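Everything on this sheet refers to the single structure shown next.
If you're wondering where the values come from, they're calculated on a predicted model, not measured in any experiment. Atoms within a ligand are numbered from 1 in the order they appear, just like the ligands themselves. In what follows, every heavy atom counts, from backbone to side chain, and hydrogens, waters and symmetry copies are set aside.
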Amino acid sequence: MRRSVVAGVGHYLPQRIVTNADLAKQIDTSDEWIRERSGITQRHIAADGEFTSDLATNAARKALEAAGMGPDDVDLIVVATSTPDETFPASATVVQSKLGCANGSMGFDVQAVCSGFVYALATADNFIKAGQVNSALVIGAETFSRILDWEDRGTCVLFGDGAGAMVLKAEDGKGTSDDRGVLSTHLHSDGSLHDLLYVDGGPSSTGEVGYLRMEGREVFRHAVTKMSEVVVEALEATGLKADEVDWFVPHQANKRIIDGTARKLGVGADRVVVTIDKHANTSAASIPLALSVGVGDDRIQHGHLVLIEAMGGGLTWGSGIIRW
Ligand code: COA
(Lines give C-alpha, C1' and ligand atoms only; values in the text may rest on other atoms or scores of the structure.)
Protein backbone atom coordinates (compact mmCIF):
# COMPACT_ATOMS: atom_id res chain seq x y z
CA MET A 1 0.00 0.00 0.00
CA ARG A 2 1.29 3.45 -0.90
CA ARG A 3 1.83 5.67 2.14
CA SER A 4 2.59 9.40 2.41
CA VAL A 5 5.60 9.53 4.72
CA VAL A 6 6.74 12.78 6.38
CA ALA A 7 10.18 13.62 4.98
CA GLY A 8 10.59 17.01 6.68
CA VAL A 9 8.82 19.90 8.39
CA GLY A 10 9.62 23.58 8.84
CA HIS A 11 8.04 26.79 10.03
CA TYR A 12 8.37 30.54 9.84
CA LEU A 13 7.13 33.29 12.14
CA PRO A 14 7.26 37.01 11.35
CA GLN A 15 9.86 38.89 13.37
CA ARG A 16 7.49 41.33 15.10
CA ILE A 17 6.06 40.10 18.41
CA VAL A 18 3.01 41.80 19.91
CA THR A 19 2.42 40.99 23.59
CA ASN A 20 -0.88 41.16 25.47
CA ALA A 21 0.48 44.24 27.26
CA ASP A 22 1.08 45.89 23.87
CA LEU A 23 -2.58 45.25 22.93
CA ALA A 24 -3.80 46.58 26.27
CA LYS A 25 -2.27 49.95 25.31
CA GLN A 26 -4.51 50.09 22.20
CA ILE A 27 -7.82 48.47 23.23
CA ASP A 28 -9.83 47.87 26.40
CA THR A 29 -8.29 44.53 27.42
CA SER A 30 -5.68 43.13 29.81
CA ASP A 31 -2.92 40.55 29.84
CA GLU A 32 -4.79 38.75 32.63
CA TRP A 33 -8.08 38.48 30.66
CA ILE A 34 -6.40 37.19 27.47
CA ARG A 35 -4.18 34.74 29.39
CA GLU A 36 -7.02 33.33 31.50
CA ARG A 37 -9.58 32.95 28.68
CA SER A 38 -7.23 31.72 25.94
CA GLY A 39 -3.73 30.89 27.26
CA ILE A 40 -2.23 33.41 24.81
CA THR A 41 0.63 35.67 25.94
CA GLN A 42 1.88 36.98 22.59
CA ARG A 43 1.49 36.67 18.81
CA HIS A 44 3.67 37.31 15.75
CA ILE A 45 2.43 39.91 13.25
CA ALA A 46 3.63 40.17 9.65
CA ALA A 47 5.48 43.33 8.61
CA ASP A 48 4.07 45.76 6.03
CA GLY A 49 4.78 44.24 2.63
CA GLU A 50 5.25 40.75 4.08
CA PHE A 51 2.59 38.49 2.56
CA THR A 52 1.15 35.05 3.25
CA SER A 53 3.15 33.68 0.29
CA ASP A 54 6.38 35.00 1.88
CA LEU A 55 5.63 33.24 5.16
CA ALA A 56 4.68 30.07 3.26
CA THR A 57 7.81 30.16 1.09
CA ASN A 58 10.10 30.58 4.11
CA ALA A 59 8.44 27.64 5.90
CA ALA A 60 8.59 25.54 2.70
CA ARG A 61 12.32 26.17 2.24
CA LYS A 62 12.98 24.91 5.78
CA ALA A 63 10.80 21.81 5.28
CA LEU A 64 12.54 21.01 1.98
CA GLU A 65 15.94 21.45 3.63
CA ALA A 66 14.93 19.12 6.48
CA ALA A 67 13.81 16.57 3.85
CA GLY A 68 17.08 16.94 1.93
CA MET A 69 15.07 17.92 -1.15
CA GLY A 70 15.07 20.80 -3.59
CA PRO A 71 12.18 22.75 -5.19
CA ASP A 72 12.19 20.48 -8.24
CA ASP A 73 11.73 17.36 -6.12
CA VAL A 74 8.06 18.10 -5.28
CA ASP A 75 5.25 17.09 -7.64
CA LEU A 76 2.41 18.85 -5.81
CA ILE A 77 2.09 21.99 -3.66
CA VAL A 78 -1.05 22.46 -1.55
CA VAL A 79 -1.41 25.63 0.49
CA ALA A 80 -4.10 25.89 3.14
CA THR A 81 -4.97 29.53 3.74
CA SER A 82 -7.89 31.93 4.23
CA THR A 83 -5.65 34.96 3.75
CA PRO A 84 -4.13 34.64 0.24
CA ASP A 85 -2.05 37.55 -1.12
CA GLU A 86 -4.69 38.12 -3.80
CA THR A 87 -8.18 36.76 -4.58
CA PHE A 88 -6.42 34.77 -7.29
CA PRO A 89 -4.09 33.15 -8.28
CA ALA A 90 -3.72 30.46 -5.64
CA SER A 91 -1.00 31.04 -3.06
CA ALA A 92 0.46 27.65 -4.01
CA THR A 93 1.37 28.93 -7.46
CA VAL A 94 2.95 32.05 -5.96
CA VAL A 95 4.98 29.84 -3.60
CA GLN A 96 5.90 27.59 -6.55
CA SER A 97 7.33 30.62 -8.34
CA LYS A 98 9.10 32.02 -5.27
CA LEU A 99 10.70 28.62 -4.57
CA GLY A 100 11.83 28.48 -8.21
CA CYS A 101 10.15 25.16 -9.04
CA ALA A 102 10.76 24.40 -12.72
CA ASN A 103 9.73 20.76 -12.94
CA GLY A 104 6.15 21.13 -14.18
CA SER A 105 4.67 20.45 -10.72
CA MET A 106 1.12 21.52 -9.83
CA GLY A 107 -0.16 23.77 -7.06
CA PHE A 108 -3.51 24.85 -5.67
CA ASP A 109 -5.03 26.19 -2.45
CA VAL A 110 -7.43 24.59 -0.01
CA GLN A 111 -9.84 26.78 1.95
CA ALA A 112 -11.15 25.27 5.17
CA VAL A 113 -10.09 28.04 7.57
CA CYS A 114 -8.59 26.62 10.79
CA SER A 115 -9.11 23.03 9.57
CA GLY A 116 -7.23 23.94 6.40
CA PHE A 117 -4.06 22.01 7.13
CA VAL A 118 -5.96 18.79 7.89
CA TYR A 119 -7.91 19.21 4.63
CA ALA A 120 -4.69 19.96 2.68
CA LEU A 121 -2.93 16.97 4.21
CA ALA A 122 -5.86 14.68 3.34
CA THR A 123 -5.84 16.03 -0.24
CA ALA A 124 -2.10 15.51 -0.73
CA ASP A 125 -2.26 12.07 0.90
CA ASN A 126 -5.01 11.00 -1.50
CA PHE A 127 -3.03 12.27 -4.53
CA ILE A 128 -0.07 10.19 -3.33
CA LYS A 129 -2.18 7.11 -2.55
CA ALA A 130 -3.81 7.33 -6.00
CA GLY A 131 -0.35 7.26 -7.57
CA GLN A 132 -0.82 10.63 -9.25
CA VAL A 133 2.21 12.18 -7.50
CA ASN A 134 5.22 10.84 -5.62
CA SER A 135 5.85 13.82 -3.37
CA ALA A 136 3.98 16.81 -1.99
CA LEU A 137 4.62 20.02 -0.12
CA VAL A 138 1.73 20.77 2.25
CA ILE A 139 1.70 24.26 3.74
CA GLY A 140 -0.52 26.13 6.20
CA ALA A 141 0.11 29.89 6.04
CA GLU A 142 -1.83 32.90 7.28
CA THR A 143 -1.69 36.63 7.80
CA PHE A 144 -4.86 36.75 9.91
CA SER A 145 -3.80 40.16 11.25
CA ARG A 146 -5.04 41.54 7.90
CA ILE A 147 -8.65 40.34 8.40
CA LEU A 148 -9.00 41.28 12.07
CA ASP A 149 -11.15 44.15 13.27
CA TRP A 150 -8.60 45.68 15.63
CA GLU A 151 -11.42 47.45 17.48
CA ASP A 152 -13.23 44.18 18.29
CA ARG A 153 -11.54 43.02 21.50
CA GLY A 154 -13.53 39.76 21.44
CA THR A 155 -11.59 38.55 18.38
CA CYS A 156 -8.45 40.56 17.65
CA VAL A 157 -6.58 39.38 20.75
CA LEU A 158 -6.90 35.71 19.74
CA PHE A 159 -5.10 35.47 16.39
CA GLY A 160 -1.60 35.74 14.91
CA ASP A 161 0.41 35.27 11.70
CA GLY A 162 2.73 32.41 10.72
CA ALA A 163 3.36 29.43 8.46
CA GLY A 164 4.25 25.75 8.75
CA ALA A 165 5.15 23.26 6.02
CA MET A 166 5.46 19.50 5.61
CA VAL A 167 7.08 17.46 2.83
CA LEU A 168 5.47 14.10 2.06
CA LYS A 169 7.05 11.30 0.03
CA ALA A 170 5.45 8.11 -1.32
CA GLU A 171 6.70 4.90 0.27
CA ASP A 172 5.40 1.37 0.26
CA GLY A 173 3.85 0.16 3.52
CA LYS A 174 2.14 -3.03 4.64
CA GLY A 175 -1.25 -1.37 5.08
CA THR A 176 -1.17 -1.73 8.88
CA SER A 177 -1.07 0.91 11.62
CA ASP A 178 2.64 0.08 12.10
CA ASP A 179 3.39 1.70 8.73
CA ARG A 180 5.11 5.06 8.68
CA GLY A 181 3.14 7.90 7.08
CA VAL A 182 -0.41 9.23 7.11
CA LEU A 183 -2.55 6.38 8.46
CA SER A 184 -5.94 8.06 8.13
CA THR A 185 -7.70 11.40 7.74
CA HIS A 186 -11.30 12.34 8.56
CA LEU A 187 -13.01 15.50 7.30
CA HIS A 188 -16.40 17.06 8.05
CA SER A 189 -18.29 20.30 7.53
CA ASP A 190 -21.67 21.81 8.41
CA GLY A 191 -22.46 24.94 6.39
CA SER A 192 -25.57 25.69 8.45
CA LEU A 193 -23.19 26.93 11.19
CA HIS A 194 -21.80 29.71 8.93
CA ASP A 195 -22.83 32.56 11.23
CA LEU A 196 -20.72 31.37 14.16
CA LEU A 197 -17.43 32.21 12.44
CA TYR A 198 -17.03 34.02 9.11
CA VAL A 199 -15.54 37.05 7.37
CA ASP A 200 -18.08 39.79 6.52
CA GLY A 201 -16.79 40.46 3.02
CA GLY A 202 -15.41 38.94 -0.15
CA PRO A 203 -14.99 39.42 -3.90
CA SER A 204 -18.52 38.31 -4.83
CA SER A 205 -20.46 39.88 -1.95
CA THR A 206 -19.07 43.24 -0.83
CA GLY A 207 -16.06 43.56 -3.09
CA GLU A 208 -13.97 44.17 0.00
CA VAL A 209 -11.88 41.78 2.07
CA GLY A 210 -13.97 42.13 5.24
CA TYR A 211 -13.28 41.29 8.87
CA LEU A 212 -13.49 38.16 10.97
CA ARG A 213 -16.73 37.83 12.99
CA MET A 214 -17.24 35.22 15.68
CA GLU A 215 -19.76 34.01 18.26
CA GLY A 216 -17.01 33.01 20.69
CA ARG A 217 -19.10 31.04 23.20
CA GLU A 218 -20.91 28.99 20.54
CA VAL A 219 -17.66 28.26 18.70
CA PHE A 220 -16.14 27.10 21.98
CA ARG A 221 -19.06 24.73 22.63
CA HIS A 222 -18.87 23.14 19.18
CA ALA A 223 -15.06 22.94 19.28
CA VAL A 224 -14.71 20.57 22.25
CA THR A 225 -17.57 18.32 21.07
CA LYS A 226 -16.65 18.11 17.40
CA MET A 227 -12.91 17.75 17.90
CA SER A 228 -13.40 15.01 20.49
CA GLU A 229 -15.75 13.13 18.15
CA VAL A 230 -13.44 13.34 15.15
CA VAL A 231 -10.48 12.14 17.19
CA VAL A 232 -12.45 9.10 18.36
CA GLU A 233 -13.39 8.49 14.70
CA ALA A 234 -9.67 8.48 13.73
CA LEU A 235 -8.75 6.07 16.52
CA GLU A 236 -11.60 3.70 15.68
CA ALA A 237 -10.74 3.74 11.95
CA THR A 238 -7.13 2.76 12.63
CA GLY A 239 -7.82 0.39 15.54
CA LEU A 240 -5.50 2.45 17.72
CA LYS A 241 -6.03 3.48 21.34
CA ALA A 242 -5.55 6.90 22.89
CA ASP A 243 -2.73 5.58 25.11
CA GLU A 244 -0.77 4.54 21.99
CA VAL A 245 -0.68 8.17 20.80
CA ASP A 246 2.77 9.62 21.47
CA TRP A 247 1.87 13.21 20.59
CA PHE A 248 -1.46 14.97 20.41
CA VAL A 249 -1.00 18.08 18.22
CA PRO A 250 -4.34 19.92 18.14
CA HIS A 251 -5.22 23.13 16.32
CA GLN A 252 -4.10 25.93 18.62
CA ALA A 253 -7.27 28.01 19.07
CA ASN A 254 -7.57 28.23 22.83
CA LYS A 255 -5.70 26.52 25.70
CA ARG A 256 -9.00 25.71 27.40
CA ILE A 257 -10.29 23.95 24.26
CA ILE A 258 -6.99 22.02 23.97
CA ASP A 259 -7.15 20.97 27.64
CA GLY A 260 -10.83 20.00 27.36
CA THR A 261 -10.26 17.85 24.26
CA ALA A 262 -7.13 16.17 25.70
CA ARG A 263 -9.02 15.42 28.92
CA LYS A 264 -11.95 13.87 27.03
CA LEU A 265 -9.48 11.80 25.01
CA GLY A 266 -7.55 10.72 28.11
CA VAL A 267 -4.21 12.08 26.86
CA GLY A 268 -1.98 13.57 29.58
CA ALA A 269 -0.70 17.14 29.28
CA ASP A 270 2.86 15.79 28.89
CA ARG A 271 1.86 14.33 25.50
CA VAL A 272 0.22 17.48 24.10
CA VAL A 273 2.17 19.98 21.97
CA VAL A 274 1.05 23.48 22.91
CA THR A 275 2.17 26.63 21.09
CA ILE A 276 -0.91 28.84 21.59
CA ASP A 277 0.89 30.79 24.34
CA LYS A 278 3.56 32.09 21.94
CA HIS A 279 1.81 31.98 18.53
CA ALA A 280 -1.91 32.61 19.34
CA ASN A 281 -4.33 31.14 16.79
CA THR A 282 -2.61 31.11 13.37
CA SER A 283 -5.56 29.29 11.75
CA ALA A 284 -4.39 26.87 9.01
CA ALA A 285 -0.76 27.40 10.05
CA SER A 286 -1.18 26.32 13.67
CA ILE A 287 -0.86 22.52 13.30
CA PRO A 288 2.18 22.46 10.97
CA LEU A 289 3.77 25.17 13.15
CA ALA A 290 3.23 23.05 16.27
CA LEU A 291 4.49 19.91 14.49
CA SER A 292 7.64 21.74 13.43
CA VAL A 293 8.21 23.03 16.97
CA GLY A 294 7.71 19.50 18.35
CA VAL A 295 10.22 18.04 15.85
CA GLY A 296 12.65 20.93 16.39
CA ASP A 297 12.92 20.29 20.14
CA ASP A 298 13.16 16.48 19.61
CA ARG A 299 9.81 15.61 21.15
CA ILE A 300 8.35 14.12 17.95
CA GLN A 301 10.64 11.36 16.69
CA HIS A 302 10.86 8.70 14.00
CA GLY A 303 8.16 6.04 14.60
CA HIS A 304 6.05 8.16 16.95
CA LEU A 305 2.28 8.15 16.55
CA VAL A 306 0.98 11.72 16.10
CA LEU A 307 -2.69 12.69 16.28
CA ILE A 308 -3.84 16.00 14.79
CA GLU A 309 -7.28 17.65 14.84
CA ALA A 310 -8.86 21.00 14.06
CA MET A 311 -12.10 22.94 13.76
CA GLY A 312 -12.68 26.19 11.91
CA GLY A 313 -15.09 28.49 10.10
CA GLY A 314 -17.73 26.81 7.97
CA LEU A 315 -17.88 25.06 10.30
CA THR A 316 -15.28 22.56 9.16
CA TRP A 317 -13.47 20.00 11.29
CA GLY A 318 -11.17 17.06 10.84
CA SER A 319 -8.46 14.80 12.21
CA GLY A 320 -5.51 12.75 11.06
CA ILE A 321 -3.17 10.10 12.41
CA ILE A 322 0.45 10.06 11.24
CA ARG A 323 3.20 7.56 12.12
CA TRP A 324 6.29 9.80 12.00
N1 COA B 1 -10.56 41.76 27.02
C2 COA B 1 -11.34 42.01 28.08
N3 COA B 1 -12.63 41.67 28.11
C4 COA B 1 -13.16 41.07 27.04
C5 COA B 1 -12.40 40.80 25.89
C6 COA B 1 -11.04 41.19 25.90
N7 COA B 1 -10.20 40.97 24.87
N8 COA B 1 -13.18 40.22 24.97
C9 COA B 1 -14.40 40.10 25.52
N10 COA B 1 -14.39 40.64 26.77
C11 COA B 1 -15.50 40.72 27.72
C12 COA B 1 -16.85 40.69 27.07
O13 COA B 1 -17.22 41.96 26.62
C14 COA B 1 -17.72 40.21 28.20
O15 COA B 1 -17.98 41.28 29.04
P16 COA B 1 -19.47 41.46 29.67
O17 COA B 1 -19.69 40.23 30.50
O18 COA B 1 -19.32 42.73 30.45
O19 COA B 1 -20.38 41.56 28.51
C20 COA B 1 -16.82 39.25 28.96
O21 COA B 1 -15.48 39.58 28.56
C22 COA B 1 -17.12 37.80 28.67
O23 COA B 1 -17.18 37.64 27.27
P24 COA B 1 -17.45 36.25 26.63
O25 COA B 1 -17.37 36.37 25.13
O26 COA B 1 -18.68 35.63 27.20
O27 COA B 1 -16.16 35.45 27.18
P28 COA B 1 -15.81 33.93 27.07
O29 COA B 1 -15.54 33.40 28.41
O30 COA B 1 -16.75 33.17 26.18
O31 COA B 1 -14.41 34.00 26.31
C32 COA B 1 -13.49 33.66 24.12
C33 COA B 1 -14.33 34.54 25.02
C34 COA B 1 -13.53 34.27 22.72
C35 COA B 1 -12.07 33.64 24.64
C36 COA B 1 -14.07 32.24 24.13
O37 COA B 1 -15.45 32.26 23.88
C38 COA B 1 -13.42 31.35 23.10
O39 COA B 1 -12.25 31.04 23.20
N40 COA B 1 -14.18 30.90 22.10
C41 COA B 1 -13.62 30.08 21.04
C42 COA B 1 -12.89 30.96 20.08
C43 COA B 1 -12.08 30.19 19.11
O44 COA B 1 -11.35 29.32 19.48
N45 COA B 1 -12.21 30.56 17.84
C46 COA B 1 -11.45 30.01 16.79
C47 COA B 1 -11.93 28.67 16.43
S48 COA B 1 -10.96 28.06 15.16
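- Between the side chains of H251 and S286, at least one donor N or O lies within less than 3.5 Å of an accepting N or O.
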Review item, side-chain donor-acceptor pairs of residues 73-83, under 3.5 Å, at least two apart:
from: D73; atom 1: OD2; to: G70; atom 2: N; distance (Å): 2.7
from: D75; atom 1: OD2; to: N134; atom 2: N; distance (Å): 2.7
from: D75; atom 1: OD2; to: S135; atom 2: N; distance (Å): 3.4
from: T81; atom 1: OG1; to: T83; atom 2: N; distance (Å): 3.0
from: T81; atom 1: OG1; to: T83; atom 2: OG1; distance (Å): 3.4
from: T81; atom 1: OG1; to: A141; atom 2: O; distance (Å): 2.6
from: T81; atom 1: OG1; to: E142; atom 2: OE1; distance (Å): 3.1
from: S82; atom 1: OG; to: Q111; atom 2: OE1; distance (Å): 3.4
from: T83; atom 1: OG1; to: E142; atom 2: OE1; distance (Å): 2.6
from: T83; atom 1: OG1; to: T143; atom 2: N; distance (Å): 2.9

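- In terms of N/O distances under 3.5 Å, ligand 1 is approached by R217.
- Donor-acceptor pairing under 3.5 Å is recorded for the side chains of E233 and H188.
- For the residue pair D22 / T19, a side-chain donor-acceptor distance below 3.5 Å is found, with atom types taken as modelled.
- Counting heavy atoms closer than 4.0 Å to ligand 1, residue N254 contributes side-chain atoms (C-beta onward) but none from N, CA, C or O.
- The side chain of I257, and not its backbone, has at least one atom closer than 4.0 Å to an atom of ligand 1 (non-hydrogen atoms only; side chain from C-beta on).
- In this structure, atom 37 (O) of ligand 1 has protein heavy atoms in its sub-4.0 angstrom surroundings.
- Atom 14 (C) of ligand 1 lies below 4.0 Å from none of the non-hydrogen atoms of the protein.
- Looking at M311 against ligand 1, only its backbone comes within 4.0 Å, counting heavy atoms.
- Judged purely by atom type and a 3.5 angstrom limit, D277 has no side-chain atom pairing as donor or acceptor with the backbone of I40.
- Look at D246 and R299 and you find no salt bridge, because none of the NZ, NE, NH1 or NH2 atoms lies under 4.0 Å from a carboxylate O.
- Counting heavy atoms closer than 4.0 Å to ligand 1, residue N281 contributes side-chain atoms (C-beta onward) but none from N, CA, C or O.
- Of all the atoms in ligand 1, the ones that sit under 4.0 Å from a non-hydrogen atom of V157 are 7 (N).
- The single protein non-hydrogen atom nearest to atom 34 (C) of ligand 1 is L158 CD1, 3.7 Å, given as residue, atom name and distance.
- Among the atoms of G216, some N or O lies under 3.5 angstrom from an N or O of ligand 1.
- Closer than 4.0 Å to atom 2 (C) of ligand 1 lies at least one heavy atom of the protein.
- V272 and V306 sit in two unconnected hydrophobic clusters of ILVMFWY residues. Membership requires side-chain heavy atoms under 4.5 Å apart, directly or through other members.
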